[in-house]
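These notes concern the structure reproduced below.
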Protein chains: 2
Amino acid sequence: MAATIRDVAQASGVHVSTVSRTFSAPHLVNAETRTRVLAVAENLGYRPNRAARALTTGRTHNLGLIVADISNPFFPPLIKAAQAHARARDYHVFVADTDEDPQVEEELIQTLTKQVDGVLLCSPRLSNRAIERLRADVPFVVVNRRVKGMPTILMDVGQGARLAIEHLTRLGHRRIALLSGPGGSWTSGEMREAAAAMDGVDLVILGPNAPTEQGGLAVAAEVIASGATGVLAYNDLVAIGLIEGLYERGVRVPGDISVVGVDDIVSGRLNRPKLTTVAMPTAAAGRMAVDLLLQSVDDGATPTLITLETGLVVRESTGEARS
Amino acid sequence: MAATIRDVAQASGVHVSTVSRTFSAPHLVNAETRTRVLAVAENLGYRPNRAARALTTGRTHNLGLIVADISNPFFPPLIKAAQAHARARDYHVFVADTDEDPQVEEELIQTLTKQVDGVLLCSPRLSNRAIERLRADVPFVVVNRRVKGMPTILMDVGQGARLAIEHLTRLGHRRIALLSGPGGSWTSGEMREAAAAMDGVDLVILGPNAPTEQGGLAVAAEVIASGATGVLAYNDLVAIGLIEGLYERGVRVPGDISVVGVDDIVSGRLNRPKLTTVAMPTAAAGRMAVDLLLQSVDDGATPTLITLETGLVVRESTGEARS
DNA sequence: CTGAAAGCGCTAACAT
DNA sequence: ATGTTAGCGCTTTCAG
């Protein structure tokens with residue numbers, strides 16, 4: 001059995017509370033005693049039990065981070081940024097994957113509730129109602145979804161969509177296909193709204209599609225049939241899958257059809273053609289989400305709304321429309 | 001404040017221990033009482049506090065899963081399989097990313113120690129000595145690294161390397177480059193050993209390389225200079241980066257140089273050319289790792305060694321050597 | 001079948 | 001500066 005605070009106390013001839021203090025409030029204990037206790041602790045391999053500590057302090061110093069699909073390369077930069085940022089604040093981030101399943105998502109939150117001080121919900125598939133209900137149990141920060149009255153980080157994908165479509169129209173494309181994402185996706189809704197509000201484009205909406213390469217691959221035939229020459233895909237994965245699907249059918253990108261993705265994942269830069277895409281500020285979002293969450297853990301939830309700008313990165317998957 | 005067991009006890013007019021039993025040993029409590037307690041609990045939104053429960057039972061019902069780099073697509077299938085498998089056994093898996101940093105890895109393990117019942121160490125960068133020291137604190141299962149006396153899951157990448165090189169030689173390649181991985185990588189060592197032991201190949205070892213597309217991109221010039229016509233890359237990411245680097249330099253794959261990767265990640269199938277690769281049984285490894293870990297949590301560590309077969313998937317990135 | 005009491009490892013007033 | 005005491009939320013003997 002691992003050493004407890006009691007073992008250390010006994011072995012160093014002080015009371016447990018003194019040992020406790022040497023770890024949680026070192027300045028309150030005599031330097032001499034402290035060194036001795038520390039030495040004994042080191043010797044016994046003692047480490048404070050965070051779970052037990054949490055029971056009295058009410059602070060676990062853990063955060064939960066829930067994502068819909070860990071294998072989507074969109075998330076890792078966000079996760080890494082959040083973990084690094086949290087670590088610097090002496091917090092630890094636990095990541096969990098919901099497999100795009102709202103039910104699993106809800107169970108996960110329940111499980112996490114008492115083991116973390118707050119949870120980061122990234123692109124949740126859960127209904128707003130469910131989220132609002134759950135918020136009684138644990139502080140939340142929501143990323144990429146609008147839930148009123150809750151601290152939220154949004155990446156302005158609507159603006160990104162406008163940028164992308166303007167880029168496409170400037171290249172002479174008139175008929176543009178929007179490949180929407182999964183039903184519950186806020187991002188997808190934003191894109192659709194932004195696109196629909198634009199003048200001078202002949203918009204065709206295809207989907208919902210799975211937010212994966214498979215999703216893009218599967219919709220390729222439909223895209224061709226639609227007669228669109230410009231495409232804005234739900235994300236880079238879909239864009240890459242689509243390009244592959246088009247390629248297999250002898251349709252060239254950007255020669256025949258121009259494709260724009262969303263996210264700016266690493267492999268988009270290594271795809272051939274290199275992907276034109278709407279860059280999402282994921283790392284920044286991860287950091288700000290942690291800050292916001294920590295803040296609402298300390299001071300109660302302030303329903304702040306932070307909107308992060310997106311930008312268009314033009315690479316090789318878009319070009320002039322054939323005349 | 002969320003409802004505690006005491007609130008439920010009070011509101012349903014029974015002792016806390018009865019409430020406790022209702023949740024952890026339902027068969028020991030009168031059906032009638034049980035329904036009443038359950039109703040009250042539901043009503044109050046009561047959920048047992050797992051951390052507190054852990055304090056008395058010594059079981060958190062959590063597992064930790066540590067990976068070197070969550071953005072490497074090799075890991076997600078393993079993570080997902082482990083999470084799903086664990087969930088079915090009423091365990092939850094917390095994932096953490098070490099950023100390929102042994103120091104961070106060690107801290108993470110320390111943090112996790114008391115909050116989980118066991119830790120899955122995937123492709124650790126930590127030294128064997130450090131791992132052996134840490135094992136006193138928490139049960140481990142190690143994946144893709146040989147640590148003597150510890151439960152271990154290995155994917156037989158040595159065999160995979162042999163398969164790949166045989167494939168290459170059969171296609172007429174004589175001079176073959178092995179792109180090794182990061183210094184601390186067990187996998188990389190296995191591949192090198194297997195390759196070195198093969199007759200009739202003129203082996204050149206290039207590296208260490210970062211286990212990423214960047215790593216592959218960066219080594220492209222060296223590969224060309226080496227005069228090798230066949231390449232076995234540390235993993236698919238490196239292979240994809242390499243192909244891109246070669247392409248930029250006007251070298252064709254598989255026309256001029258054949259490339260084999262390792263892992264069989266999804267995007268390898270969508271790359272152009274589709275990647276020939278050594279398929280790693282990651283999902284199976286994730287499931288077995290959970291089983292092994294749970295077993296060693298229950299019965300103490302049995303130093304089992306499980307070796308999983310790998311296989312070669314031939315696609316389009318390999319072809320006949322130019323004569 | 002249910003209640004009483006002790007205790008898991010730790011912290012937080014309150015004394016001294 | 002250190003010791004005392006109580007208690008966080010829960011489980012687990014042990015009685016009854």
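Residue numbers start from 1 in every chain, and the chains themselves are labelled A, B, ... in the order their sequence lines are given, proteins ahead of strands.
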Q) Charged N to carboxylate O under 4.0 angstrom, A/Asp298 versus A/Arg59? A) yes
Separation of [X] atom [atom1] from [N] atom [atom2], in whole Å?
{"X": "B/Arg6", "N": "D/dC10", "atom1": "CZ", "atom2": "C1'", "result": "9 Å"}
{"X": "B/Arg21", "N": "D/dT13", "atom1": "CZ", "atom2": "P", "result": "11 Å"}
{"X": "A/Arg59", "N": "D/dC8", "atom1": "CZ", "atom2": "P", "result": "17 Å"}
{"X": "A/Leu28", "N": "C/dA13", "atom1": "CG", "atom2": "P", "result": "12 Å"}
{"X": "B/Arg53", "N": "D/dC8", "atom1": "CZ", "atom2": "C1'", "result": "16 Å"}
{"X": "B/Asp117", "N": "C/dC8", "atom1": "CG", "atom2": "C1'", "result": "15 Å"}
{"X": "B/Gln10", "N": "D/dG9", "atom1": "CD", "atom2": "C1'", "result": "15 Å"}
{"X": "B/Arg50", "N": "D/dG9", "atom1": "CZ", "atom2": "C1'", "result": "15 Å"}

**Q.** Backbone N/O of A/Asp90 and side chain of A/His61: donor-acceptor pair under 3.5 Å
**A.** yes
Q | Side-chain donor or acceptor of A/Arg125 paired with backbone N/O of A/Ser123 under 3.5 Å | A |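 Yes; judged by distance alone, with no hydrogens or angles, the pair exists.
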**Q.** Option passing side chain to side chain contact (heavy atoms under 4.5 Å, CB included) with A/Asn128 (candidates A/Arg146, A/Lys148, A/Arg145, A/Arg133)
**A.**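 Only one of A/Arg146, A/Lys148, A/Arg145, A/Arg133 forms a side chain to side chain contact (heavy atoms under 4.5 Å, CB included) with A/Asn128, namely A/Arg145.
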Categorize [X] for me: base, sugar-phosphate, or nothing, with a 4.0 angstrom heavy-atom threshold over every strand shown.
{"X": "A/Thr18", "result": "sugar-phosphate"}
{"X": "B/Phe23", "result": "nothing"}
{"X": "B/Val14", "result": "sugar-phosphate"}
{"X": "B/Thr57", "result": "sugar-phosphate"}

Q | N/O (side chain, A/His15) to phosphate O (OP1/OP2, D/dT2) under 4.0 Å | A |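 Negative; the distance criterion is not met.
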Q. So, is B/Arg34 close to the C/dC1 phosphate, meaning a side-chain N or O under 4.0 Å from OP1 or OP2?
A.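 B/Arg34 to C/dC1 OP1/OP2: no side-chain N or O under 4.0 Å.
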Which of these nucleotides, [options], is closest to any side-chain atom of [X]?
{"X": "A/Thr56", "options": "C/dT11, D/dG9, C/dT2", "answer": "C/dT11"}
{"X": "B/Thr4", "options": "C/dA12, C/dC1, D/dG9", "answer": "D/dG9"}
{"X": "B/Ser20", "options": "C/dC10, D/dT11, C/dA4", "answer": "D/dT11"}
{"X": "A/Ser17", "options": "C/dA5, C/dC10, C/dA12", "answer": "C/dA12"}
{"X": "A/Leu55", "options": "D/dG9, C/dC10, C/dC1", "answer": "D/dG9"}

Q.
For B/Arg36 and A/Pro48, find the nucleotide of DNA chain C closest to each by heavy atoms; which residue's nucleotide sits nearer the 5' end?
A. B/Arg36
Q. Hey, which of these two, B/Ala52 or B/His27, hits DNA chain C nearer its 5' end, going by closest nucleotide?
A.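 It is B/His27, whose closest nucleotide lies nearer the 5' terminus.
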(Q) In the structure I gave you, are the side-chain heavy atoms of A/Pro124 and A/Ile66 within less than 4.5 Å of one another anywhere? (A)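 In short, these two side chains do not touch, never coming nearer than 4.5 Å.
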Q. Hey, what do you get for CD (B/Gln115) to CZ (A/Phe94), rounding to the nearest 0.5 Å?
A.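 If I round to the nearest 0.5 Å, the distance is 4.5 Å.
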